[in-house]
Amino acid sequence: MARSIYAGQLRNRTSRLKLPARPKPYKLMLAPGIFLAYRRNAGPGTWSVEAGALTRFALADDHEDANGDSVMSYFQAQQHALKMARGTNGNKPVSIAAALDAYEADLTARGGSKYNAVSVRNHCSPAMLRKVVGLLSSDELRDWHSAMIAKGLKVSSANRIGKSLKAALALAGKRGRLSNQAAWRDGLKPLRAGTTAPRDNYFLPDAAILAVIRESYADGDDFGTLIDVMAGTGARESQLLKLRPQDILDDEAEPRLMVWCSNKGAHREPEQRMLSITPRLAKALRTRALARGQDRPLFDRVWGTSKSFRVVLERLGLDLTLSPYVMRHSSIIRQIRAGKPLRFIAFDHDTSTGEIERTYARHLNGARGDLSRQGLLADEATPASNVVSLAR
């Protein structure tokens, strides 16, 4: 362990109590960018660590003996301040900006979308990016999370960005073995939306879906085929970017496509699921595979998919608030209405029956209406009567 740094005015209670009381703390540099701060109060003083931000962590042993927890001596405060700023591995303090850089590199290595990191960075002020991960509190993360909504961002969007920041901080915490991981678990909990009416426009009928597909091809084969496969399978864009020519199963009568599951979930093993597709879509994919070659994926990443999709909706006079994800919603709802078992719908769409029940409850109510009547007690029979008609 490195030798503790001595400071004549702070190292013992006698010297500290001779200091004038003042709001501004007395500081001592422990390492580049890390300071131990002592605030002299009318009562017992307090220890804080400063590394981009000032964070108080204990009382000083000015009037009572140190216990190493709520009350600390000068030497205990030094070690605790370094641990808070650096974690237990002794590396230099990791800022939120550095954590997002590491998260973006990790996403790229795993084939994920780096936009998850970029979206967080776009909503962080320069001061927020400089904050040290090891010193973050749940309150300041909660305030940052709520501030996005106050600026006009939708609750669902703020929760999605908060989830990405939580993943970046978790990665930094794991690598640095930081002790404040509860701060981002509590501070970045999903926020609840207000009591507004549920959306009804996340479903498009088949005629509108086919019109969107045809109009998407007008903007190029890459974009058109991507939207076509999203509509035909209900898969996420991230799943379709993993498709390769060998994933098309050549069966003229009943063509199928082997779609990779998403990377959602900790320690999830790679898995493919066989989905039925139409002969028309299978022909389009085979043509695309021949043009691109056997060694290339079927799709390159198309940046600005939502923006291009909005242009298509505008040309067709459809709701401009929709995103390409409406293809997935429509696929699930279409199969619910067709009476397909929920377990099969969940399997084909790489989700759970519980998630389908929560998200599409209104459509489940409608689909089960006719089936539920099959179990009703028949009430057409006339109750038995003991009245006997007289013969004429």
Side-chain angles (χ1 to χ4, degrees), residues 32-34 50-55 84-87 89 91-191 193 236-238 241 262-266 300-310 321 323-325:
I34 304 176
E50 183 178 37
L54 191 68
T55 303
M84 287 181 64
R86 292 176 168 176
N89 61 358
N91 291 331
K92 66 179 182 179
V94 178
S95 64
I96 290 181
L100 290 174
D101 291 341
Y103 180 51
E104 183 175 339
D106 182 68
L107 287 171
T108 303
R110 294 188 290 109
S113 174
K114 66 178 183 180
Y115 184 73
N116 291 337
V118 174
S119 62
V120 178
R121 195 178 288 111
N122 290 340
H123 288 86
C124 287
S125 65
M128 182 69 176
L129 291 173
R130 289 194 298 269
K131 288 183 179 294
V132 175
V133 173
L135 302 180
L136 289 173
S137 67
S138 57
D139 287 340
E140 57 188 334
L141 288 173
R142 193 178 297 112
D143 291 343
W144 170 82
H145 199 187
S146 301
M148 289 190 288
I149 299 175
K151 293 178 181 178
L153 205 64
K154 293 181 180 179
V155 173
S156 58
S157 299
N159 285 339
R160 184 169 58 252
I161 295 171
K163 186 177 180 180
S164 296
L165 177 58
K166 185 188 293 187
L169 298 180
L171 180 64
K174 181 179 179 181
R175 292 178 175 179
R177 299 193 292 278
L178 300 175
S179 59
N180 65 329
Q181 299 189 27
W184 51 82
R185 285 198 298 267
D186 296 336
L188 296 174
K189 286 182 178 178
L191 302 173
R236 308 173 184 88
E237 181 181 357
S238 60
L241 294 177
S262 69
N263 290 332
K264 297 171 67 175
D300 295 324
R301 182 174 294 279
V302 180
W303 295 106
T305 305
S306 296
K307 184 178 180 180
S308 300
F309 190 77
R310 196 175 301 115
T321 65
S323 71
Y325 218 73

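Scope of the values below: all heavy atoms of this structure, side chains included, with no hydrogens, waters or symmetry mates.
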Could you report the tightest heavy-atom contact between [X] and [Y], atom names first, then the distance?
X: Ala183; Y: Leu136; answer: CB-O, 3.4 Å
X: Leu107; Y: Ala117; answer: CD1-N, 4.1 Å
X: Trp144; Y: Cys124; answer: NE1-SG, 3.8 Å
X: Ala172; Y: Val133; answer: CB-CG1, 4.4 Å

Pairwise distance [atom1]([X]) to [atom2]([Y]) - rounded to 0.5 angstrom:
X: Leu129; Y: Asp101; atom1: CG; atom2: CG; value: 9.0 Å
X: Ser146; Y: Leu153; atom1: OG; atom2: CG; value: 12.0 Å
X: Lys131; Y: Ser137; atom1: NZ; atom2: OG; value: 7.5 Å
X: Arg160; Y: Asn116; atom1: CZ; atom2: CG; value: 9.0 Å

Candidate pair Leu169 and Leu188, rule side chain to side chain contact (heavy atoms under 4.5 Å, CB included), full reasoning: CA-CA 11 Å; Leu169 298 180; Leu188 296 174; 4.3 Å; yes

Test log, rule side chain to side chain contact (heavy atoms under 4.5 Å, CB included), inputs Leu191 and Arg142: CA-CA 10 Å; Leu191 302 173; Arg142 193 178 297 112; 5.6 Å; no

Contacts of His123 that satisfy side chain to side chain donor-acceptor pair (under 3.5 Å) - sequence neighbours left out: none

Only counting residues at least two apart or in another chain, list the ones meeting side chain to side chain donor-acceptor pair (under 3.5 Å) with Thr305.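 In terms of side chain to side chain donor-acceptor pair (under 3.5 Å), with neighbours along the sequence ignored, Thr305 is linked to Glu237.
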
Heavy atoms, side chains only, cut-off 4.5 Å: are [X] and [Y] in contact?
X: Tyr325; Y: Ser306; value: no
X: Ile161; Y: His145; value: no
X: Leu141; Y: Lys189; value: no
X: Tyr103; Y: Val120; value: no

